[in-house]
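First comes the structure, then the notes that go with it.
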Amino acid sequence: MRKRLTAALCLCLVATGLSAQPWFKDADLTLTGAYYYPEHWDESQWERDFKQMHELGFEFTHFAEFAWAQLEPEEGKYDFDWLDRAVALAAKYDLKVVMCTSTATPPVWLSRKYPEILIRQEDGTVLDHGARQHASFASPLYRELSYAMIAELAKHYGEDARVIGWQLDNEPAVQFDYNPAAEEGFRDFLRDKYNNDIKQLNDAWGTAFWSEAYTSFDEITLPKRAQMFMNHHQILDYRRFAAKQTNDFLDGQCMVIRKYAKNQWVTTNYIPNYDEGHIGGSHTLDFPSYTRYMVYGDNEGIGRRGYRVGNPLRIAFANDFFRPVQGTYGVMELQPGQVNWGDINPQPLPGAVRLWLWSVFAGGSDFICTYRYRQPLYGTEQYHYGIVGTDGVTVTPGGHEYARFMEEIKALRGNVGAREDKPAEYLARRTAILFNHENAWSIERQKQNNTWDTMGHVDKYYRTLKSFGAPVDIIDESKELAGYPVVIAPAYQLADAELVTRWKAYAEQGGNLVLTCRTAQKDRYGRLPEAPFGAMIADLTGDALDFYDLLLPDDPGKVTMDGKTYTWNTWGEILKPGEGVETWATYTDEFYEGQPAVTTRRLGKGTVTYVGVDSTDGALERDVLRKLYEKLAIPVMDLPYGVTMEYRNGMGIVLNYMDTPYTFRLPEGAKVLVGEATIPTAGVLVFAVK
């Protein structure tokens with residue numbers, strides 16, 4: 001008999017934010033919806049469209065995302081009559097509504113009457129009406145006007161049972177805005193951070209270098225990021241400020257809605273640009289959601305036509321990043337077919353849309369929404385597919401795949417377990433990747449080797465974990481570490497004594513910590529400590545860092561471990577292990593031939609492993625983790641790149657992004673629910689285990 005979720009893991013779920021929530025039911029598995037823009041279509045077509053949407057299997061729709069001009073045609077004059085009629089018709093066909101705040105598209109009267117709210121780019125260009133996201137989140141006036149409109153919308157729909165939730169803005173990004181209001185806001189941010197003490201700021205920024213010292217906060221301007229050698233400590237603070245502006249704007253919207261909304265959730269739909277720094281920073285939201293497009297002309301897939309299926313881990317990484325933020329997540333925009341904004345916009349491979357839907361579901365999502373129901377006839381997105389085509393009725397290939405997925409989900413409802421019903425062997429592999437966007441900010445300003453890729457470095461460890469069939473949480477420092485058998489902190493450059501103490505306690509209490517090159521080399525301001533290089537973690541790893549080296553990409557170096565040879569060039573640290581430290585890998589050439597590159601040690605009840613080199617292709621990282629898990633007696637799988645497996649609700653879900661079929665070995669006693677054990681390209685296998 002399969003073991004159920006343990007009490008200890010339940011405690012861990014609460015500690016990491018994966019707690020129960022009131023908005024979604026396990027029994028539903030997931031809800032599926034589609035964007036609809038009533039203002040784009042003749043009202044005589046609305047009922048036909050909602051009726052067909054319902055018949056296809058959709059359970060909710062999405063209104064008012066870009067409709068500020070229709071909601072408030074003149075300042076202070078509101079018109080919700082048209083939206084009331086759309087909500088009523090949607091309800092007639094059992095479609096709940098997600099309402100949006102429309103702040104991504106301010107109306108022309110606002111831009112013309114208050115031009116000071118417009119974004120100013122670094123080169124002085126002022127954005128204008130005619131696109132979207134041209135207003136400054138840092139503008140107090142823009143916030144005031146936005147909150148006034150949102151208040152009226154929330155008063156009108158906040159107690160409407162037909163509205164289940166709210167989406168704030170649309171794909172809110174971090175704005176690098178040079179609007180005068182942003183510059184003044186930056187100064188206020190610095191005054192607050194440095195206790196109105198200019199000396200503290202000068203010390204933090206190292207302004208003694210190159211005669212950069214300030215005598216007053218009023219002298220500080222927004223850093224010119226394009227200017228060569230601009231103070232990178234200042235840029236670090238500017239990026240913190242810019243992310244905070246986005247978070248504050250979303251928090252402000254959310255608090256306005258909460259004054260009036262009853263039993264309605266609030267989220268926003270982030271683009272998964274993980275290193276922008278704002279995702280998860282708006283703490284008033286009930287949960288985050290994200291948008292995901294898989295086929296837009298890149299070639300990150302597998303095989304000659306892999307660009308029709310997409311990167312095998314693109315959705316998985318987003319799931320594992322967003323889920324731990326607050327324990328609940330959904331996907332607000334998932335591609336239904338061809339898009340219009342890529343360099344090349346091919347048709348997805350037949351089956352790919354359904355594959356993406358199951359990929360989102362496999363990670364633990366509570367809802368999936370597609371952008372969009374109808375292909376537009378005018379505007380910037382004319383060539384963007386919908387669930388139905390330009391005639392408004394013909395279902396597209398992606399629309400049929402959505403319908404199939406919804407049929408499959410509904411057939412499973414009532415016959416599956418609770419969300420966290422997962423096999424003990426699977427949970428034993430549970431691993432956290434500790435991620436802080438500020439490390440990427442710091443490293444990318446001083447890469448030292450132009451072939452270094454911070455997110456690519458993280459991906460080498462993530463890809464390995466997914467090949468192990470491991471459940472992964474990508475977490476920040478606010479989360480507890482104790483519930484994870486293994487925690488990996490890749491290239492964690494910015495650190496302090498408090499964090500190192502937490503790492504040490506985690507290992508001493510039985511955790512297994514993996515640190516990698518470029519970790520804890522700088523403090524939180526991006527400064528090198530007045531100590532030997534790498535000294536901040538020397539007592540933790542048991543290593544002294546002798547020096548680091550960087551090689552040319554066309555003449556890489558070599559590292560050997562257990563008789564296998566690996567290449568590297570981007571970053572390699574030459575280590576001096578102390579007593580009780582075991583060397584796993586050594587350099588085999590250059591003037592430091594034979595010196596350690598990877599070490600491990602016991603620390604209390606746990607272990608600390610240090611990987612001081614970034615390999616060319618991730619093969620070394622894979623073998624280091626495999627060796628570690630074997631020593632820890634943690635069972636792992638050996639899935640090929642392109643095949644992933646997750647568990648939820650008592651079901652195993654196997655996804656095939658490869659360009660060849662894959663035969664999955666089913667666990668003993670497994671019952672196939674969807675698909676077959678031999679999974680075709682873009683195919684899905686779902687099974688239940690007793």
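Side-chain contact, Gln493 with Ser442: a donor N or O sits under 3.5 Å from an acceptor N or O. Side chains of Glu480 and Tyr506: no donor on one and acceptor on the other come within 3.5 Å. If you check the side chains of Gln234 and Asn231, you find no donor sitting under 3.5 Å from an acceptor. Looking at Gln446 and His232, their side chains do bring a donor and an acceptor atom within 3.5 Å of each other. Side chain to side chain, Glu65 and Tyr37 meet the donor-acceptor criterion of an N or O pair below 3.5 Å. At a cut-off of 3.5 Å, with distance as the only test, no side-chain donor of Tyr290 or Asn269 sits close to an acceptor on the other residue.
Taking the six-membered ring for Trp and the full ring otherwise, the centers of Trp166 and Tyr157 sit at least 6.0 Å from each other. Between Phe322 and Tyr329, the ring centre distance reaches or exceeds 6.0 Å. Between Tyr462 and Phe317, the distance separating the two ring centers is shorter than 6.0 angstrom. For Phe189 and Tyr238, the ring centers sit 6.0 Å or farther from each other. His457 and Trp452 have their aromatic ring centers within a separation under 6.0 angstrom.
Each of Gln521, Arg518, Glu477 was evaluated against Tyr492; a single residue qualifies, Glu477, per the side-chain hydrogen bond (donor to acceptor under 3.5 Å, both in side chains) test.
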Inset, instruction - Determine, step by step, whether Arg419 and Asp366 satisfy the salt bridge (charged side-chain N to carboxylate O under 4.0 Å, His left out) criterion, reporting the C-alpha distance in whole Å, the side-chain angles of both residues, the deciding distance to 0.1 Å, and the verdict. - result: CA-CA 10 Å; Arg419 176 70 54 89; Asp366 284 291; 2.7 Å; yes
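Surrounding OH of Tyr260 are more than 12 heavy atoms belonging to other residues, nucleotides or ligands, all under 6.0 Å away.
Checked for salt-bridge contact, Glu438 and Arg240 meet the test: a charged N lies under 4.0 Å from a carboxylate O.
Nearest heavy atoms, Pro172 versus Tyr270: O-CD2, 4.1 Å.
Taking the ring axis of Phe176 as reference, the NZ or CZ atom of Arg225 stays within 45° of it and closer than 6.0 Å to the ring centre.
Tyr371 and Tyr35 have perpendicular rings, their planes meeting at more than 60° on a 0 to 90° scale where under 30° would count as parallel.
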